Amino acid sequence: MNSLPARLAVFALVAAGPLLFVVAPIGSFLVMSFARVEGHQIINDMTLDNYVAFFGNWVYLKTFLLTLWLCAEVTLIGIVLGYPIAWFIWRRRARTRYLLLLLFVLPLFMSYIVKIYTMRSILGLNGFLNQILVGSGILSAPSLVFLYNQGSILITMAVIFLPFVILPIFLSLERIPRNLVQASADLGAGAGTTFRHVVLPLSLPGTIAGGLFAFVLALGDFITPQMVGGPSGFTIGRVIWSQFGLAYNWPFGAAMGAVLFLFALAVIVVAGSIASRQRV
Amino acid sequence: MSLSSERLAATAAGFLAAAVLAVLYAPVVIGALFSVIEVTRNGINWGGFSLAWYGKLWQNQSILDAVRTTLIVSACSVSLAIVLSIALALYVEWEGAIGRRLIELVVYLPFLLPPIVTGLSLLIFFANLGISRGVATIVIGHSVFVLAVLYRLVLTRLQSLPATLFEASADLGATRWQTLRHVLWPQLRSAVATGAILAFTLSFDETLISVFLAGDATTLPLRLWAMMRVGFTPEINALVTLVLLFSIALAIIVSLRMKPEGEMEE
Amino acid sequence: MGLSLKAVEKSYGAQRVLQPVDLEAADGEFLTILGPSGSGKTTILRLVGGFTRPTGGHIRFGGTDLTDVPSHKRPFNTVFQDYALFPHMSVADNVGYGLMVRGMAKAAIRDKVVRTLEVVGLGGLLDRYPSQLSGGQKQRVALARAIVCEPKLILLDEPLAALDAEMRRHMQFFLKDLQRRIATAFLFVTHDQEEAITMSDRIVVMDKGRIEQVGAPGDIYYAPKTPFVARFFGDNNLIEGNVRDGRVETAVANFALPAGSRAEPRPVLVAVRPEKISIGGADGGRTAIACKVEETTFTGALTQLKARPLAAPQTTLLVKMTSDPGRPLPERGAETTLSFAPDTVAIVEVGS
């Protein structure tokens, strides 16, 4: 049972599914990124054309950089808002703590498409926000400024992805033994000192994980930009998606997907190594 | 001095939490509101309360079909992921296992990567193999996506079980199969159930992968997306409210099951 | 024809946790493997139970080779240190598990479980769950679960370690009594010498993956064969010395070589049990040692005295005697004479 051929056989049996449906697809899309389209045929002659087209065209590159900037903003908003909230939840007594946590985590379970839709219905021309503002006389007529621009993408993403940031931060706070905090106070450290030297470093891995979630989710999102960004709200995800739809240039879409994939992988690896260097 | 500044920080964080909570739930409340109240060009008609739109949903065949497809997809992908996650967790805990890290990486990757990557990679993979897209391809996409959640929960539970439990079973004369059935499965059952509900919720709402793999099939989120591109209708609001209530109900079940152990992991 | 281990050894990679070991256990014997942690005692138990495979040697029972027989086909049952009760099963289901997997009829299982629980003194607890039981009760359920299948040999892995002192003493007698009643061999693993002496027919003392000595409790106690055994059994006074011309010479005292000891000259370790030393009198062939009293401690039934021989002040002698309120004890710092009979001394070989 424990001989090497037997072990290899068991490995092959168990890992077949994940390898076939995770590794092989990633491999095939990376291969596709070196192909090109001629008419309606995809011809694979291992060309770098797609990458040249992407990096050589300022429009695409700019979209990519703007997307990164957008993701960074979403991440930053997520951490700036999420950390104090997670900290606030953590300091509650056991009963209210889990009720509050449930309230903040519930939106994770709410349909993503529905959240986008409701955000759009709030921000839109006939939306709730305009109704309120017009009704209360602040605006004389409904305004379009709330929808179909980069700002509306940012707001929507921040709202949708914030719970993804709060949960890991809370979980890492929750893992800090309470007596560590008491020990610090006992040794004469003030609340601020304890926070800086005990709570903050120990909750850093969770904060990084939360930020990572927000960043990666924002990076690949293509429905939010389409639904609330309007014609001007283009992100790299939306550009990739369009290659598989109307543009029908799969190899080019795959190449941009590969760039996105490698970038996301790098972010995950870096965040993972920072988090594990905290030795928590 | 420092105590009062801490209290100040707590109060500020409390206000922030309240404000954010309002923002997070406003869409839900507003969606629910608009599903029973009429919105016209001239504004909100507060007097026109009606549940009629909920009734109309039942006559919309395309929505009912989408709901049915979604339920089939979720049930199949969760079942597949359950079997696979138990096999993988048992394998990783087995002393003769090789490539543990590789397996864990492959299991977590589709959950950590942007869904668009999982979606387009499977799309290209199936296209290369000449497999036409449909319910089966969505099921596979969802399976690899929700596998991480189930795997994590099953593995955590498995690692918390003392090895002597299985030794005792063998010692008392049970075969491997009997041990699996009488000792291991009862111990894993609750973790699997929790993971299954969680995975079901994820699969039920999944959009970004499905959109690549659906072909002619339509799941509920895809149907909703198509409806939304056309415009706002109270019918959508009614549907949206029902979907949200369903998700929330599942989420509350999960959280009640998870709270005692606190074993939710990132 | 009971259990027999021939040259059984176990390594994990380059690390050998068990040197080749030979061991026999007779039918109906209470055999204890005694040793500190890391001595290999639990490894032997796990090898016999079939939870790990030996890297060499053969395990036989009643003439049948069990070396490659999986755990579930061996005619042994185990009481685990953490009891390993199935938390999702009632007491009755736990005890009946071994019968259930063998396909016994439900009614017959119930019957046998009830009888077995009575044997271990847990009559009314059939429908409780492990989480509702005390440590001692869990212990008895684990025992009942092991004996219900009527194994040829019961393996016990430090089963008393998790109990408090009172309960432990109680369970020692209970276990010994149970073993006699069901007339089944016990292979008992412990690090507690008192437990080993109280319950065993024979004791196997182990250290660093090797067997140091095998023998009846009295033999091990009074005639340790190796320095490790002499040290492991509590408070032995150990004095370095030499055998020469039919006598034992130490810095503390010289005395005649006890009967049965080899006469050839060599360095040895002299082990004198504290209760074999008494205050006063060199009469009747006893060896006398002039000492200075270090301290006396009243511990209840016994009184302890620590003293340093005048001839060898770097050595401390421990004396244990029955407490007697009528008898005055020497003061701290006073000089007194201690004595022992030479034939109560154990000569321990230091070589090899």
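So you know, we letter chains A, B, ... as the sequences are listed, proteins then strands, and number each from 1. Please read all numbers here as calculations on a predicted model, not as lab measurements.
The choice from A/I166, A/V22, A/D221, A/V267 that makes the most heavy-atom pairs within less than 4.5 Å of chain B is A/V22. With chain A as partner, the option from B/G119, B/P221, B/A10 having the largest number of non-hydrogen pairs under 4.5 angstrom is B/A10. Put simply, of A/V14, A/L219, A/I26, the one with the most heavy-atom pairs under 4.5 Å next to chain B is A/V14. Counting heavy-atom pairs closer than 4.5 Å to chain B, the top residue among A/L260, A/I116, A/L103 is A/L103. Comparing B/L123, B/L129, B/L224, B/V144 by how many heavy-atom pairs each has under 4.5 Å with chain A, the most go to B/L123. Chain A forms the most heavy-atom pairs under 4.5 Å with one residue out of B/I98, B/V211, B/L24, and that residue is B/I98. Counting heavy-atom pairs under 4.5 Å between each of B/L208, B/T207, B/L120 and chain A puts B/L208 at the top. Between chain A and the options B/I248, B/V243, B/L239, the largest number of non-hydrogen pairs under 4.5 Å is found for B/I248. Taking A/F164, A/Y112, A/F215, A/F195 one by one and counting their heavy-atom pairs under 4.5 Å with chain B, the maximum is reached by A/Y112. Residue with the most contacts toward chain A among B/L21, B/L84, B/L102: B/L21 (heavy-atom pairs, distance under 4.5 Å).
Remark: the backbone N or O of A/L173 is paired with a side-chain donor or acceptor of A/W90 at under 3.5 angstrom.
Using a 4.5 Å cut-off between heavy atoms, B/I140 touches chain A through its side chain atoms alone. A/Q226 touches chain B through its side chain: at least one heavy atom from C-beta onward sits under 4.5 Å away, while N, CA, C and O do not. Residue A/L20 touches chain B through both its backbone and its side chain, counting heavy-atom pairs closer than 4.5 Å. Of the atoms belonging to B/A19, not a single heavy atom falls under 4.5 Å from chain A. Of the two parts of B/L109, only the side chain, counted from C-beta on, holds a non-hydrogen atom closer than 4.5 Å to a non-hydrogen atom of chain A. Contacts between B/Y25 and chain A at a heavy-atom distance below 4.5 Å involve the side chain alone, from C-beta outward. Contacts between A/F244 and chain B at a heavy-atom distance below 4.5 Å involve the side chain alone, from C-beta outward. Of the atoms belonging to A/L162, it is side-chain heavy atoms, and not backbone ones, that fall under 4.5 Å from chain B. Using a 4.5 Å cut-off between heavy atoms, B/V240 contacts chain A through both its backbone and its side chain. For B/L244, the part sitting under 4.5 Å from any heavy atom of chain A is the side chain, from C-beta outward, and nothing else.
In plain terms, the two heavy atoms of B/E93 and B/L155 that are nearest each other are CG-CD1, 4.0 Å. The minimum heavy-atom distance linking B/I116 with A/G237 is given by the pair CD1-O, 3.5 Å. Shortest non-hydrogen contact noted between A/M32 and B/N128 is CE-OD1, 4.2 Å. Heavy atoms only, all atoms of each residue included: A/A86 and A/I169 are closest at CB-CG2, 3.5 Å. Considering all non-hydrogen atoms of both residues, A/I42 and A/A35 come closest at CG2-CB, 3.9 Å.
Figure legend: cation-pi geometry between A/R92 and A/F88, with NZ or CZ positioned under 6.0 Å from the six-membered ring centre and within 45° of its axis.
Centroid-to-centroid, the aromatic rings of B/F204 and B/F246 come within less than 6.0 Å. Taking the ring centroids of B/F212 and B/F126, they lie at or beyond the 6.0 Å cut-off. Side-chain rings of B/Y108 and B/Y151 approach one another, their centers coming within less than 6.0 Å.
The aromatic rings of B/Y91 and A/F11 are tilted relative to each other, their planes meeting at an angle between 30° and 60°.
Side chains of B/V254 and B/T194 form a contact here, defined as non-hydrogen atoms less than 4.5 Å apart.
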